[in-house]
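Notes follow once the structure below has been shown.
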There are 2 protein chains.
Amino acid sequence: MKFESVTIKDIAKVLHLSTSTVSRALRDSYEISEETKKLVVDYAKSVNYRPNPSALNLKKRRSRTLGITISEIANSFFSQIIAGVESVAKEKGYNVIISQTFENFEREQEAVRNLSQSVDGMLISLSSETKSLEHIEELQQRGMPIVFFDRIAKNLEGHKVRSNNHKGAFDATEHLIHNGYKRIAFIGNPDNLAIIKERKRGYDEALEFHQIPHREDYVKYCQHGGLSYEEVEMVMQDLLSLDEPPQAILSCADKITTNCYRYLYKHHIKIPDQMALIGFSNLDLTEFLNPSLSIIQQKAVTMGTQATELLIQQIESKRPVVDYSEIVLEPDFFARDSSKGH
Amino acid sequence: MKFESVTIKDIAKVLHLSTSTVSRALRDSYEISEETKKLVVDYAKSVNYRPNPSALNLKKRRSRTLGITISEIANSFFSQIIAGVESVAKEKGYNVIISQTFENFEREQEAVRNLSQSVDGMLISLSSETKSLEHIEELQQRGMPIVFFDRIAKNLEGHKVRSNNHKGAFDATEHLIHNGYKRIAFIGNPDNLAIIKERKRGYDEALEFHQIPHREDYVKYCQHGGLSYEEVEMVMQDLLSLDEPPQAILSCADKITTNCYRYLYKHHIKIPDQMALIGFSNLDLTEFLNPSLSIIQQKAVTMGTQATELLIQQIESKRPVVDYSEIVLEPDFFARDSSKGH
DNA sequence: AATAAACTTGCAATCGATAGCGCATTAGTT
DNA sequence: AACTAATGCGCTATCGATTGCAAGTTTATT
């Protein structure tokens, strides 16, 4: 069963004109008489003519499609970003194709390579397991506009939109310290991600600033970004079986935060009395949780819109872009009960 | 700045072959000698050749792209559906383009018409404000495969995947009744949506079954699907200003449920003592809310995968499909504190 | 009236890939 | 040796739309 649609040829035949005349009439060329234009335009409207995008793409050598690579859609942070991306894209006449990496490097390579032929530009947030950037560099060298967001590539050129991760983590850690916590654990995605390095640095510096000794066994990385509950469960067990377990946790990813909360809840570990928790999260209902969850919230929608605007700007720029911007968005901090002092 | 990619022509030139030979070699045609094939395939791999999708689409008259129309991505129910859709689509070699309607009829018409030229088939969940189905019927008549999910179109043909909405609402209402509530309000999207009609029927029949008088002023519809807090706020104020306000609420959409919860929380109305709440929701953390939220949860990911499988099946079917399936998924019910007896 | 200028419109090539058909060249048959 | 069959490859039209150029028609100019 195939979808039959009206082509310029059909219109030409009916109106006894050539396809070139029809084409020119539809794009309101000065070469065509008003009379003919009206005839063509009216008829085209009556049969609901829409140009075939593939033919157009082929001819114009562009697809008016954007590719976005993220770890997972079913994650409030990323779905908010997508909402932002979609809104700007639609407004400027672009479609969006989403690729999920599920934090896997091979999937990311595949996604990027696949997308490369179908899109005019890409929005990329690296996966947790990404070790090499060759697949991205290669495309860039061939002229593919790429904007990095959230999990940016430090060593590659290109527009970048990210949060102030250092500040987010520093403030959260300091907040815990102010509330009397000294034994503070850090759980994040792997630190080959620049954002995690940044957050770790914020955490480290806050400890240092308040002269709290740094303990290596309080620092944990989830290789798969905490996508599965089990991964976080193992980390938590590690932490809790220490001689001197931490009293508070700083979690550095939406999924990890959620799964930490879930773990503590499941094991009847009182938050914050037995374990305080504060985490990066863009979930909607954190304030209504029991106890309410302290979070560092990123400006996800804004990140999506800004990145998309930069990307489209780069795609449509006549001359190669050499001057790249790096937009830094300030995260919002919400201190709530899960990190209350004791 | 445009992206330059290798074409079959480039390969042909380098290897001193014709484009047709290259093409045939790449698709492993019997007409080409093993020797030549190897030459071509190896070279193609070395330059990272990928066929131009637009050219392929044009030639094959298909795009290997699916369109999906939903109200909003940043909604856990729909983002879970998308996750399901994407997984099946990727596996079968299809891309997915998402269109958001934000519950608006005009946007839906636009989305459907726009998509019509770029996709091989569509997955549609109607918007709350959809009154007419002409835009969809028109496409169907021209042969566009369309699968309806969640908010299906009762009067149109096509594969359908939905939840057992009647049962979900009936069980939830009955649960409230068993817990001693008699004055139960119903809040839903507009009832031009079949799923809302069904849920309303479940609600009605549960009341009837337990011989509880039905009150028209306890039934409220949010025209915009509760997308904005203000919309739900107004409904809540209406309900609470009644002489005899309800003691419990059955909410029929993710967003409405969340916003009801938010309203009650904000106005310090104790759940469930002053107002019980139970709602359709696919949020992740409802069990950890304070109080934990009773929900009717839909099998969102499954809905996405099943709908996509049906769609691809229909797209790839040689003969026109005449026998349409309607898959009904049973919702899961979680009784928690927000609907506890009093 | 003759020629130039201004309008309109059509022809044909093009974008990248595919496939029907035909043409060599080589192998096989009698 | 002569003819058929098989193999390997190239030419060309095609998908739908665009666009440079040519050509035809009408109107304006002298």
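Since the model is a prediction, treat every value here as computed from it, not as a measurement. To find a chain, count down the sequence lines: A is the first, B the second, and so on, and within it residues start at 1. When reading the values below, keep in mind they use all heavy atoms of this one structure, side chains included, and skip hydrogens, waters and symmetry mates.
With C:dA17, C:dC21, C:dG10 as the choices, the nucleotide that has an atom nearest any side-chain atom of A:Leu17 turns out to be C:dG10. In the set D:dC9, C:dC15, C:dA17, the nucleotide with an atom closest to the side chain of B:Ile8 is C:dA17. For A:Pro51, counting side-chain heavy atoms from C-beta on, the closest listed nucleotide (D:dA17, C:dG16, C:dA19) is D:dA17.
Nucleic acid contact class of B:Ser20 (heavy atoms, under 4.0 Å, all strands): base. Looking at heavy-atom distances under 4.0 Å, A:Lys59 makes contact with a base.
The pair A:Lys37-A:Asp28 counts as a salt bridge, with a side-chain nitrogen and a carboxylate oxygen less than 4.0 angstrom apart. Ionic pairing of B:Lys90 and A:Glu110 is not present here: no N-O contact between side-chain nitrogen and carboxylate oxygen is shorter than 4.0 angstrom. A salt bridge between B:Glu138 and B:Arg142 is present, with a side-chain N of the basic residue lying under 4.0 Å from a carboxylate O of the acidic one.
Between B:Ser18 and the phosphate of D:dG10, there is a side-chain N or O to OP1/OP2 separation shorter than 4.0 Å. One finds no side-chain N or O of A:Thr21 lying less than 4.0 angstrom from the OP1 or OP2 phosphate oxygen of C:dT9. Contact between the side-chain N/O atoms of A:Ser33 and the OP1/OP2 oxygens of C:dT9 is found at a separation under 4.0 Å. In this model, the phosphate group of D:dG16 is approached by a side-chain N or O of B:Arg61 to a distance below 4.0 Å at OP1 or OP2. Side-chain nitrogen and oxygen atoms of A:Tyr30 include none within less than 4.0 Å of the OP1 or OP2 phosphate oxygen of C:dA6. Residue A:Tyr49 has no polar side-chain atom (N or O) positioned under 4.0 Å from OP1 or OP2 of D:dG16. B:Lys9 has a side-chain polar atom (N or O) that falls below the 4.0 Å cut-off from OP1 or OP2 of C:dC15. In terms of phosphate contacts, A:Ser23 brings no side-chain nitrogen or oxygen within less than 4.0 Å of OP1 or OP2 of D:dA17.
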### Evaluation steps, side chain to side chain contact (heavy atoms under 4.5 Å, CB included), between A:Leu311 and A:Met122
CA-CA 7 Å; A:Leu311 179 59; A:Met122 305 190 35; 5.6 Å; no

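B:Ile32 has its CD1 atom 10 Å from the C1' atom of D:dT7, to the nearest Å. As rounded to whole Å, 17 Å separates atom P of D:dT14 from atom CG of A:Asn52. At whole-Å resolution of the value, CG in B:Leu26 and P in C:dA17 are 9 Å apart. Going from atom CD of A:Glu31 over to atom P of D:dT25 covers 18 Å, rounded to whole Å. The interatomic distance linking A:Leu56 (CG) with D:dT19 (P) rounds to 9 Å, in whole Å. Atom CD in A:Glu35 sits about 14 Å away from atom C1' in D:dT25, given to the nearest Å. Between A:Asp10 atom CG and D:dC15 atom C1' there is a gap of 13 Å when expressed in whole angstrom units. For A:His16 and C:dG10, the NE2 to C1' distance is 16 Å, given to the nearest whole Å.
Summarising the local packing, CD of B:Glu157 is surrounded by 12 or fewer heavy atoms from other residues, nucleotides or ligands at distances under 6.0 Å.
The main-chain N or O of B:Pro53 is found under 3.5 Å from a side-chain atom of B:Asn57 such that the two form a donor-acceptor pair. No donor-acceptor pair closer than 3.5 Å links the side chain of A:Arg50 to the backbone N or O of B:Leu115.
Helix-axis bend for the helix from C:dA1-D:dT30 to C:dT30-D:dA1: the local axis fitted to the five terminal pairs at one end deviates from that at the other end by 60°, rounded to 10°.
Projected onto DNA chain D by closest heavy-atom contact, A:Arg27 and B:Lys60 fall at different nucleotides, the more 5' of which corresponds to B:Lys60.
Residues B:Asn48 and A:Arg113 form a side-chain contact, since some pair of their non-hydrogen atoms from C-beta on lies under 4.5 Å apart.
A donor and an acceptor atom sit less than 3.5 Å apart, one in the side chain of A:Arg24 and one in the base of C:dG10. Taking only distance into account, the side chain of B:Thr36 never meets the base of D:dC9 through a donor-acceptor pair shorter than 3.5 Å. One cannot find a donor-acceptor pair under 3.5 Å joining the base of D:dC15 and the side-chain atoms of A:Ser54.
Closest approach of B:Glu86 to A:Ile73, counting heavy atoms only: CG-CD1, 3.8 Å.
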